[in-house]
K.L.:
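Dumping the structure here so I can ask a few things about it.
Hydrogens, waters and symmetry mates are skipped; everything else that's a heavy atom, side chains included, is used. Not measured: the values here are computed from a predicted model. Naming convention: chains lettered A, B, ... in sequence-line order (proteins, then strands); numbering from 1 in each chain.
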Amino acid sequence: MEVRTRFAPSPTGFMHLGGVRTALYNFLYARKMGGKFILRIEDTDQERFVEGATDVIYDTLKACGMNWDEGPDVGGPCGPYIQSERKDLYLPYAKQLIRSGHAYYCFCTKEELEARHEAAKARGEVFKYDKHCLRLTQAEIQRRLDEKVPYVIRMNAPETGESTYHDLVFGDMTFQNSDAMDDMVLIKADGMPTYNFANVVDDHLMGITHVMRGMEYLSSTPKYNFLYNAFGWEIPQYVHLTTVMRDEKHKLSKRDGDAYYSDFISKGYLTEALINYLALVGWNPGDNREFFTLDELIEAFDISGLHTSPGIFDVNKLTYFNAEYIRRLAPEKYLELAAPWFDQALAGTRVDYRRLAELMQARTEIFSRVPDMVRFLKDLPDYDTELYVNKKQKSSLESAPEALSFCRDVLERVPDWNETVIHDTLIPAIAEAGKKNGAVLWPLRIALSGLLSTPGGAIEIAYLLGREETLRRIGLGLDKLAHANA
RNA sequence: GCCUCCAUUGUCUAGAGGCCUAGGACGCCGCCCUCUCAAGGCGGAAACAUGGGUUCGAAUCCCAUUGGGGGUGCCA
């Protein structure tokens, strides 16, 4: 039988990383098995409607390379794929359950329910719907229906017995019906189905064979199975996924500003790195491999590698993956991606981006850190002369001035201002003068950058700065040192 | 409260009774390379939550405790 998986997000306006991972596993499994990956939008909560939210879902999935075979935009044999557009389809199914005794009309108002909820809470109990409306006679029901009294349709859950189902990652799950079941609402007062109901109906109608979703549904699954059984439908395979956590106690949340796919992309993380890392939080291939392309993930993915314990999303490790992916970029690609970030700090300068990109590529972990790393090329920071002191390089406050004026003399004579010529002029000159490279180049680099660490050494920086600016900064350094030594 | 899931270094994890004096990766520390910082190379510190069983033998199986997650909505 063909495997059919689905990703069924509700359009909130953002793609949570946990959602991205759920989508990924569904996608991976479908592709691995040569099956179909279906996208379904679950927008049954009209109050939460967000304009343009479905586009966020489409764009994210596409950017990640997770192409769906059936969905709202591409269509398919089981459409429509947006639940609000399927609205009229659910009521007949609910009525079928009423006829078979598995569901019933409920006319209790939200206010009444809330009051009973509060009362139960005051007694230290947890409220569970008491089947109040199940006791209504047929005539009473009909009268209210005729009077257009608002109603919901509830599931008539069993109060005794137990339910067992098999989960592909957690194994056999058994619950007492008294614990796991309640008369949950199937059809809301506004005529919309609840998630619980639409989910079951749609998964069946769409021929979903494997339901892969967050483990928050682990304990409500018996209720869904009750529905499948009531309809006489085949129960799908369940694959419950652990939660992606921020730390031991908290899951990734919007509050921290690091829960959404877009948060990471705007910070300069590469989609490929994010996907690669995300796949590994909660799943492992069974060996020590860590780097995977999407195709390699498809190849390696297996449900048996899914974990039962929650994983903490480690930004540190993600950053490592990102840095590695950046290093593997073709130089032109790196330049293309880095240029906008260079612009942020260097707009208005004539810095050679191509050369800068070469120097920066191995030093870039996240693009958002790039501007601060290159800003010194535009504006020399107001640095402390202590930076000139470096024992290992034999540079001191006393030796630096002479080194700098030496550099000035040599650099003034450099015929062509390109890196090779600068290098081939300076280095031999240092040797001829009987000086040590470090003792000259260390103070030079400090004078040119005002920084303890820089992308590239003194010669590279001199080249990027241009002759004029280089000589100007040397002069500035000399002044600073004269002042400090006075 | 009740139900339920989970538990190997700071983090992600390997481990499915003897292969474990517990392996890999990130991070951290040190060394090398070097005009700085990265990158790269080499090395180091760092874990089986606790207590009971079962067994010749337990990180691996069972139970309890502790800790954490999730559920308990006309949200999904």
K.L.:
Where the side chain of A:S219 is defined as all heavy atoms beyond and including C-beta, which of B:C75, B:G70, B:G69 is the nearest nucleotide?
P.N.:
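The answer is B:G70, which lies nearest to the side chain.
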
K.L.:
Using whole Å, what does the distance between atom P of nucleotide B:C75 and atom CE of A:M192 come to?
P.N.:
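Checked: the CE to P distance equals 11 Å.
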
K.L.:
Classify the nucleic acid contact of A:M173 as base, sugar-phosphate or nothing, counting any heavy atom under 4.0 Å across all strands shown.
P.N.:
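Sugar-phosphate: the residue A:M173, judged by heavy atoms under 4.0 Å, touches backbone atoms but no base.
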
K.L.:
Please report the distance, rounded to the nearest Å, between CG in A:D183 and C1' in B:G73.
P.N.:
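These atoms are roughly 14 Å apart.
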
K.L.:
B:U8 and B:A47: how far apart are their P atoms, nearest whole angstrom?
P.N.:
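Per the computed distance, 14 Å lies between those P atoms.
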
K.L.:
Look at all strands and tell whether A:G456 reaches a base, only sugar-phosphate, or nothing, counting heavy atoms closer than 4.0 Å.
P.N.:
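Base contact.
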
K.L.:
Taking N and O atoms by type only, does the side chain of A:K392 place a donor or acceptor under 3.5 Å from a partner on the base of B:U34?
P.N.:
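Such a pair is found, so the answer is yes.
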
K.L.:
How close or far is atom P of B:C74 from atom CD of A:E114, stated in whole angstroms?
P.N.:
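A:E114 atom CD is separated from B:C74 atom P by 10 Å.
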
K.L.:
Compute the ring centroids of A:Y334 and A:F367, then answer whether they are less than 6.0 Å apart.
P.N.:
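Yes.
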
K.L.:
Looking for any heavy atom pair under 4.0 Å, which part of the strands does A:T454 touch: base, sugar-phosphate only, or nothing?
P.N.:
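Contact class for A:T454: base.
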
K.L.:
Testing the 3.5 Å rule here: is there a donor-acceptor pair between the side chains of A:Y383 and A:Y388?
P.N.:
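There is such a pair between these side chains.
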
K.L.:
Just compare B:C74, B:G27, B:G70 and give me whichever is closest to any side-chain atom of A:E216.
P.N.:
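Closest nucleotide to the A:E216 side chain: B:G70.
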
K.L.:
Is A:K188 near enough to B:C75 that one of its side-chain N or O atoms lies under 4.0 angstrom from OP1 or OP2?
P.N.:
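Indeed, a polar side-chain atom of A:K188 lies that close.
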
K.L.:
Could you check which nucleotide pairs with B:A38 in any of the strands shown, counting Watson-Crick or G-U wobble with both distances under 3.5 Å?
P.N.:
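Pairing partner, where one exists within any strand: none, as none qualifies.
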
K.L.:
Which whole number of Å gives the distance between the C1' atom of B:A49 and that of B:G44?
P.N.:
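My reading of the C1' atoms in B:A49 and B:G44 gives 26 Å.
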
K.L.:
Start at the 5' end of RNA chain B and walk down; is the nucleotide closest to A:G282 or to A:F107 reached first?
P.N.:
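Whichever sits nearer the 5' end wins; that is A:G282.
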
K.L.:
When you get a sec, tell me which of B:C6, B:C2, B:G1 is the closest nucleotide to the side chain of A:F170?
P.N.:
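Given the options B:C6, B:C2, B:G1, the side chain of A:F170 is closest to B:C6.
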
K.L.:
With heavy atoms under 4.0 Å as the rule, sort A:S453 into base, sugar-phosphate or nothing.
P.N.:
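A:S453: base contact, heavy atoms under 4.0 Å.
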
K.L.:
Suppose you measure atom C1' in B:A58 against the same atom in B:G1; what distance do you get, rounded to whole Å?
P.N.:
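Between the two C1' atoms, the distance is 36 Å.
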
K.L.:
So, is A:N316 close to the B:C26 phosphate, meaning a side-chain N or O under 4.0 Å from OP1 or OP2?
P.N.:
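Answer is no, no contact under 4.0 Å.
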
K.L.:
Does A:S396 reach the main-chain N or O of A:E398 with its side chain, forming a donor-acceptor pair under 3.5 Å?
P.N.:
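Answer holds: yes.
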
K.L.:
Output yes when A:E324 and A:R328 qualify as a salt bridge under the 4.0 Å nitrogen-oxygen rule, no when they do not.
P.N.:
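Counted as a salt bridge, because a side-chain N and a carboxylate O are separated by less than 4.0 Å.
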
K.L.:
If B:C74 has a Watson-Crick or G-U wobble mate with both distances under 3.5 Å, name it; if not, just say none.
P.N.:
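By the stated definition (distances under 3.5 Å), nothing pairs with B:C74.
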
K.L.:
Looking only at side chains, do A:N322 and A:Y277 share a donor and an acceptor under 3.5 Å apart?
P.N.:
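Note: A:N322 and A:Y277 side chains miss the donor-acceptor criterion.
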
K.L.:
NA contact type, A:T44, heavy-atom cut-off 4.0 Å: base, sugar-phosphate, or nothing?
P.N.:
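Touches sugar-phosphate only.
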
K.L.:
Below 3.5 Å, does any donor atom in the side chain of A:Y217 face an acceptor in the base of B:A76, or the other way round?
P.N.:
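Result: at least one qualifying N/O pair found.
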
K.L.:
From C-beta outward on A:Y320, which listed nucleotide comes closest to its side chain: B:C74, B:G27, B:G70?
P.N.:
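My answer, after comparing the listed nucleotides, is B:G27.
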
K.L.:
Quick check on RNA chain B: between A:V185 and A:T174, whose nearest nucleotide comes earlier from the 5' end?
P.N.:
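Upstream on the strand: A:T174.
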
K.L.:
Relative to the ring of A:F14, is the ring of A:Y260 parallel (under 30°), tilted (30 to 60°) or perpendicular (over 60°)?
P.N.:
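Rings of A:Y260 and A:F14: parallel, as their planes differ by under 30°.
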
K.L.:
If you only use heavy atoms from C-beta on, which nucleotide in B:A76, B:U36, B:A14 is closest to the side chain of A:E42?
P.N.:
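For A:E42, the side-chain atoms sit closest to B:A76.
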
K.L.:
If pairing requires Watson-Crick or G-U wobble contacts with both distances under 3.5 Å, which nucleotide is the partner of B:C61?
P.N.:
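The answer is B:G53, by the H-bond criterion.
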
K.L.:
Establish, yes or no, whether a centroid distance under 6.0 Å links the rings of A:F264 and A:F313.
P.N.:
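Yes, they do, as the ring centres are separated by less than 6.0 Å.
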
K.L.:
Once you apply a heavy-atom cut-off of 4.0 Å, does A:H307 come out as touching a base, just sugar-phosphate, or nothing?
P.N.:
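Sugar-phosphate contact only.
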
K.L.:
Please work out which of the three classes, parallel, tilted or perpendicular, describes the rings of A:F291 and A:F321, given edges at 30° and 60°.
P.N.:
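If you compare the ring of A:F321 with that of A:F291, the planes turn out tilted.
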
K.L.:
Taking pairing as Watson-Crick or G-U wobble with both contacts under 3.5 Å, can you name the mate of B:A14, or confirm there isn't one?
P.N.:
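The answer is none; no pair meets the criterion.
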
K.L.:
So what does A:C407 hit on the nucleic acid, given a heavy-atom distance under 4.0 Å: a base, only sugar-phosphate, or nothing?
P.N.:
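Nothing: the residue A:C407, judged by heavy atoms under 4.0 Å, touches no strand.
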
K.L.:
Below 4.0 angstrom, which residues in residues 356-376 of chain A have at least one non-hydrogen atom near RNA chain B?
P.N.:
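By residue number: A:A362, A:R363.
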
K.L.:
Would you mind reading off the distance between A:F313 atom CZ and B:C26 atom P, rounded to a whole angstrom?
P.N.:
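Taking atom P of B:C26 as the reference, CZ of A:F313 is at 17 Å.
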
K.L.:
Tell me what A:F175 touches on the nucleic acid: a base, only sugar-phosphate, or nothing, going by heavy atoms under 4.0 Å.
P.N.:
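Sugar-phosphate, backbone atoms only, no base.
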
K.L.:
Look at the rings of A:H240 and A:Y238 and say which category their plane angle falls in: under 30° parallel, 30 to 60° tilted, over 60° perpendicular.
P.N.:
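A:H240 and A:Y238: parallel rings.
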
K.L.:
When the P atoms of B:U50 and B:U72 are considered, how many whole Å apart are they?
P.N.:
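B:U50 and B:U72 have their P atoms separated by 34 Å.
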
K.L.:
Report the nucleotide, chosen from B:U36, B:G73, B:C26, that has the shortest atom-to-atom distance to any side-chain atom of A:R445.
P.N.:
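Nucleotide nearest to A:R445's side chain: B:U36.
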
K.L.:
I would like to know whether A:L426 and A:L441 meet side chain to side chain contact (heavy atoms under 4.5 Å, CB included); could you show each step before the answer?
P.N.:
CA-CA 9 Å; A:L426 231 201; A:L441 296 174; 3.8 Å; yes

K.L.:
Please measure how far the P atom in B:U13 lies from the corresponding atom in B:G73, and state the result in whole Å.
P.N.:
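Each nucleotide's P atom is 31 Å from the other's.
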
K.L.:
Any side-chain N or O of A:K121 less than 4.0 Å from the OP1 or OP2 oxygen of B:C2?
P.N.:
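So the side-chain polar atoms of A:K121 never come under 4.0 Å of the phosphate oxygens OP1 or OP2 of B:C2.
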
K.L.:
Taking only the side-chain heavy atoms of A:D179 (C-beta and beyond), determine which of B:G24, B:C6, B:C2 contains the nearest atom.
P.N.:
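Closest of the options to the side chain of A:D179: B:C2.
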
K.L.:
Can you tell me which nucleotide in B:G73, B:G68, B:G71 comes closest to the side chain of A:H117?
P.N.:
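Selected nucleotide: B:G73.
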
K.L.:
When you check the gap from the basic side-chain N to the acidic O, do A:K435 and A:E402 get nearer than 4.0 Å?
P.N.:
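Yes, charged N to carboxylate O under 4.0 Å.
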
K.L.:
Looking only at atom C1', what distance separates B:G51 and B:G43, rounded to whole Å?
P.N.:
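Straight-line distance between the two C1' atoms is 39 Å.
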
K.L.:
Do A:R21 and A:T242 have side-chain heavy atoms sitting under 4.5 Å apart?
P.N.:
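The answer is yes; the side chains approach within 4.5 Å.
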
K.L.:
Between B:A76, B:A7, B:U36, which nucleotide has the shortest distance from any of its atoms to the side chain of A:D45?
P.N.:
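Nearest nucleotide to the side chain: B:A76.
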
K.L.:
Looking only at atom types and distance, does a side-chain atom of A:R369 sit under 3.5 Å from a main-chain N or O of A:G268, one as donor and one as acceptor?
P.N.:
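Not confirmed, A:R369 side chain does not pair with A:G268 backbone.
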
K.L.:
If I take atom CG in residue A:L318 and atom P in nucleotide B:U11, what distance separates them, rounded to the nearest angstrom?
P.N.:
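Result: 18 Å.
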
K.L.:
Say you pick atom P in B:A64 and the same atom in B:C19; how far apart are they, in whole Å?
P.N.:
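These two P atoms come out 29 Å apart once rounded.
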
K.L.:
What nucleotide among B:C6, B:C75, B:C37 has an atom nearest to a side-chain atom of A:K110?
P.N.:
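The answer is B:C75, which lies nearest to the side chain.
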
K.L.:
Using a cutoff of under 3.5 Å, can you pull out all pairs of nitrogen or oxygen atoms linking the protein to nucleotides 40-47 of chain B, with atom names and distances?
P.N.:
none

K.L.:
Minimum heavy-atom separation for A:V374 to A:L346, with atom names?
P.N.:
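So the two residues come closest at O-CD2, 3.3 Å.
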
K.L.:
When the C1' atoms of B:C28 and B:A45 are considered, how many whole Å apart are they?
P.N.:
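That atom pair is separated by 9 Å.
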
